[in-house]
Amino acid sequence: VQLQASGGGLVQAGGSLRLSCAASGVIYSSYVMGWFRQAPGKERQFVAAIRWRANSKYYADSVKGRFTISRDNAKNTVYLQMDSLNVEDTAVYYCAANRGDYTANSAIRYANEYDSWGQGTLVTVSS
């Protein structure tokens, strides 16, 4: 599956953005779709993930209550609604797919569990 992320941009602190990740190819029910981010000079970190079939959602503590991950089965698209943005959210955001048969909850947050990655979209939050 190929992934195309979009929706990044420049926003003021307190504002909102919605990222989209369009997948070409079949997304099987076992897949987990995730969002990660990488700020300059920092490691890539988990943001959110969703199980395609069960619609179970997982969030990093730093975004819980502010970000919402969702999916549109008909459009093969995953969204990340980001509200109450702050300058610490500035990063390149990547969508990714874990195409395994099953991923344990404990593994969902690890980037190396994902084997297909989009190109990234830059989110810049100004103060």
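- Although no hydrogens or angles enter the test, the distance criterion places a donor-acceptor pair under 3.5 Å between the side chain of Tyr59 and the main chain of Ile69.
- By the rule that hydrophobic residues join a cluster once side-chain heavy atoms approach within less than 4.5 Å of another member, Tyr79 and Val63 end up as members of separate clusters.
- Of the inter-residue distances, the one linking Thr103 atom OG1 with Tyr110 atom OH reads 13.5 Å to the nearest 0.5 angstrom.
- Phe36 and Leu122 fall within the same hydrophobic cluster, defined by Ile, Leu, Val, Met, Phe, Trp and Tyr side-chain heavy atoms under 4.5 Å apart, directly or through other members.
- Judged by distance alone, the side chain of Thr121 and the main-chain N or O of Ala5 form no donor-acceptor pair under 3.5 Å.
- With hydrophobic clusters built from ILVMFWY side chains whose heavy atoms lie under 4.5 angstrom apart, Val125 shares a cluster with Trp35.
- Of all non-hydrogen atoms in Ala48 and Leu80, the two that sit nearest each other are CB-CD1, 4.1 Å.
- Atom NZ of Lys57 is surrounded by more than 12 heavy atoms from other residues, nucleotides or ligands within 6.0 Å.
- Note on Trp117 and Val32: same hydrophobic cluster, where clusters join Ile, Leu, Val, Met, Phe, Trp and Tyr whose side-chain heavy atoms are under 4.5 Å apart, directly or indirectly.
- Scanning both residues, Ala13 and Ser127, for their nearest heavy atoms gives CB-CA, 4.4 Å.
- Taking a 6.0 Å sphere around CD of Gln2, one finds it holds 12 or fewer heavy atoms contributed by other residues, nucleotides or ligands.
- From Ile108, atom CD1 reaches atom OH of Tyr58 across 4.0 Å, with rounding to the nearest 0.5 Å.
- Here the straight-line distance linking atom CZ of Arg71 with atom SG of Cys21 works out to 14.0 Å at 0.5 Å rounding.
- Between the side chain of Arg66 and the main chain of Ser84, a donor-acceptor pair closer than 3.5 Å is present.
- If you run side chain to side chain contact (heavy atoms under 4.5 Å, CB included) between Met33 and each of Asn76, Leu3, Asn98, Thr77, only Leu3 comes through.
- Gln119 contributes atom CD, which lies 7.0 Å from atom SG of Cys95 (distance to the nearest 0.5 angstrom).
- For Lys42 against Gln38, the heavy-atom pair with the smallest separation is O-NE2, 3.1 Å.
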Item to complete: Please test Asp89 against Met82 for side chain to side chain contact (heavy atoms under 4.5 Å, CB included), starting from the C-alpha separation and ending with a verdict.
Response: CA-CA 9 Å; Asp89 296 317; Met82 305 186 296; over 6 Å; no
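- Val26 and Tyr114 fall into different hydrophobic clusters, where Ile, Leu, Val, Met, Phe, Trp and Tyr side chains are chained together by heavy-atom contacts under 4.5 Å.
- In this structure, a donor-acceptor pair under 3.5 Å is absent between the side chains of Arg44 and Asn112.
- Between Ser16 and Gln81, the shortest heavy-atom distance links the atoms CB-NE2, 3.9 Å.
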Original post:
side chain to side chain contact (heavy atoms under 4.5 Å, CB included) between Tyr28 and Asp101: does it pass, once the steps are laid out?
Top reply: CA-CA 9 Å; Tyr28 290 95; Asp101 292 333; over 6 Å; no
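- Proximity of Val123 to Leu19: side-chain heavy atoms (C-beta onward) are separated by under 4.5 Å at one or more points.
- Across every non-hydrogen atom of Ala97 and Val1, the tightest pair is CB-CG1, 4.0 Å.
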Do Leu85 and Phe67 pass the side chain to side chain contact (heavy atoms under 4.5 Å, CB included) test, and can you show the C-alpha distance, the side-chain angles, and the key distance before you say yes or no? CA-CA 9 Å; Leu85 285 161; Phe67 290 11; 3.8 Å; yes
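- Taking CH2 of Trp52 as the start and OH of Tyr31 as the end, the distance is 11.0 Å to the nearest 0.5 Å.
- Checked by atom type, the side-chain pair Tyr93/Arg37 shows a donor-acceptor distance below 3.5 Å.
- Here the side chain of Ser30 pairs a donor or acceptor atom with the backbone of Gly100 at under 3.5 angstrom.
- Closest non-hydrogen pair, Arg51 versus Ala104, comes out as NH2-C, 3.8 Å.
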